[in-house]
Amino acid sequence: MPSFTATAPGKIILFGEHAVVYGEPAIAVPVQVFQARAVVSPEISGSSGDIWIDAPDISLSADLKTLETDHALRAAVNEVVDDTDLDSAPACRIQITSTIPVASGLGSSAAISTALIRALSAFLGKQMTDEQISRAAFNIEKIHHGTPSGIDNSVIAFQQPVYYQKGTPLEFLTINNPFSILIASSGSPGDTRKAVAAVRENWLAEPERYNKIFSEIGSVARQARKLISPGEVQDLGPLMDHNHTLLQELGVSTPKLDHLAQAARNAGALGAKLSGGGLGGHLIAMVNDEPEAIRDILLEEGSDSVVLTTVGNLYSQ
Ligand code: PMV
């Protein structure tokens, strides 16, 4: 029985996070410079059902059975095994590595689930479709985030830019005019679960006010979709700035993210916003042909890593 390897990209949300949980549309793109990887190899000396998990990035090396039943990695394995006719999986070792910063709004958890599910399903001789993988990864996102919208598992499992709205068919975006985005770490981890819970609490306390913000974020995402396909990408910048202001109003930005966003704009970025759950994590800034100067300023102003990515036709580089 051969080994099977699968990778999955990171992602950024260009428009619409948080409001997407409440049924508004959002736009996300995969980011291939960040990758999660899973390798599933047979363990000749093991007995059927023995599964060993190695995830050195989180210092985990364990027999799957010793993990809590709601541990995300154990749950991801079960999503695949339960989908086969097997009583138990052949003895195997699953190695997980990732270059996607954790707790940072870059889709680390969904990418790890996706890579694991894809590699294990191939190992078990039942290659799942992207749709099936996305659905299984969504179930694991529930363990991580409580009430995920489904955007992370969709953009990562399909590895294409998506226009995502709960309850409507997933739409893949064609990006005719590629554009550059700087992804800057704010230096402190984000906390999606906490941010989503805080927004929910605020919404329950003041539904009218928050519904208005959600619908304005949704309107920004709709406008962005209209601009992306004809390639009028320069006009996306102001929409990003507006989206950031609305995320500030939701209470999920931080002084550091605000500072970096302003520094990027002052340095010539076309627009900037936090991306993902917030309360830390990453800022994204849309830049023109000469991103180096803006990257240097973000580093000077306190970002501890800045990565350039191109949002392009099939997927982001
Ligand atoms: O922080 P991330 O990368 O998991 O993104 C979360 C996006 C939210 O809209 C805040 C939550 C969701 O499930 O869509």
Side-chain angles (χ1 to χ4, degrees), residues 8-31 33-36 72 98-114 134-135 137-159 161-168 170 181 183-186 188-203 210-211 213-218 220-221 224 240 243-244 246-254 257 273-284 307 309 316:
K11 70 100 218 314
I12 48 176
I13 297 181
L14 293 179
F15 298 97
E17 51 274 268
H18 284 289
V20 68
V21 176
Y22 296 83
E24 296 292 341
I27 296 174
V29 298
V31 178
V33 288
F34 298 116
Q35 291 273 327
S98 175
T99 60
I100 310 172
V102 291
S104 64
L106 298 179
S108 154
S109 57
I112 287 171
S113 301
T114 298
S134 178
R135 224 175 301 132
F138 176 68
N139 290 335
I140 311 308
E141 285 295 280
K142 288 187 203 160
I143 298 175
H144 286 289
H145 297 324
T147 55
S149 64
I151 192 168
D152 279 20
N153 49 285
S154 300
V155 63
I156 289 170
F158 287 94
Q159 301 197 50
V162 296
Y163 179 81
Y164 178 89
Q165 187 166 20
K166 270 204 283 193
T168 69
L170 185 61
I181 295 274
I183 305 173
S185 164
S186 69
S188 46
D191 191 334
T192 300
R193 179 179 269 274
K194 190 171 160 199
V196 169
V199 169
R200 182 164 297 275
E201 207 170 290
N202 293 340
W203 171 67
Y210 281 84
N211 281 337
I213 302 174
F214 296 148
S215 90
E216 193 151 350
I217 292 176
V220 166
M240 268 189 185
N243 197 156
H244 185 74
L246 293 165
L247 288 164
Q248 285 175 314
E249 285 176 31
L250 285 184
V252 295
S253 191
T254 63
L257 284 164
K273 65 179 274 291
L274 74 84
S275 184
L279 298 181
H282 283 76
L283 177 90
I284 58 172
V307 170
T309 188
S316 314

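For ligands, and for the atoms within them, numbers begin at 1 and follow the listed sequence.
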Enumerate, one pair per line, all nitrogen or oxygen atoms of ligand 1 lying under 3.5 Å from a protein nitrogen or oxygen, stating the separation to 0.1 Å; write 'none' if no such pair exists.
{"residue": "ligand 1", "atom": "1 (O)", "partner": "T192", "partner atom": "OG1", "Å": "2.5"}
{"residue": "ligand 1", "atom": "1 (O)", "partner": "G277", "partner atom": "N", "Å": "2.9"}
{"residue": "ligand 1", "atom": "3 (O)", "partner": "K11", "partner atom": "NZ", "Å": "2.4"}
{"residue": "ligand 1", "atom": "3 (O)", "partner": "G105", "partner atom": "O", "Å": "3.3"}
{"residue": "ligand 1", "atom": "3 (O)", "partner": "D152", "partner atom": "OD2", "Å": "3.4"}
{"residue": "ligand 1", "atom": "4 (O)", "partner": "H145", "partner atom": "NE2", "Å": "3.3"}
{"residue": "ligand 1", "atom": "4 (O)", "partner": "D152", "partner atom": "OD2", "Å": "3.1"}
{"residue": "ligand 1", "atom": "9 (O)", "partner": "H18", "partner atom": "N", "Å": "2.9"}
{"residue": "ligand 1", "atom": "13 (O)", "partner": "S149", "partner atom": "N", "Å": "2.8"}
{"residue": "ligand 1", "atom": "13 (O)", "partner": "S149", "partner atom": "OG", "Å": "3.4"}
{"residue": "ligand 1", "atom": "14 (O)", "partner": "S149", "partner atom": "OG", "Å": "2.5"}

**Request:** Hey, could you give me the OG1/CD1 distance between T309 and I181, rounded to the nearest 0.5 Å?
**Result:** 8.0 Å

**Fill in**
Here the pair of heavy atoms bringing E249 nearest to Y210 is O-OH, 4.0 Å

Side-chain donor-acceptor contacts of residues 275-282 below 3.5 Å, not counting sequence neighbours, with atom names and distances?
{"residue": "S275", "atom": "OG", "partner": "I13", "partner atom": "N", "Å": "2.9"}
{"residue": "S275", "atom": "OG", "partner": "I13", "partner atom": "O", "Å": "2.9"}
{"residue": "H282", "atom": "ND1", "partner": "S104", "partner atom": "O", "Å": "2.9"}

**Request:** Please state whether the rings of W203 and F214 are parallel, tilted or perpendicular, taking 30° and 60° as the class boundaries.
**Result:** tilted

**Message:** Any heavy-atom pair between the side chains of Y164 and V155 that's under 4.5 Å?
**Reply:** no

**Message:** Just verifying a value: how many Å separate Q248 CD and L257 CG, rounded to the nearest 0.5 Å?
**Reply:** 9.5 Å

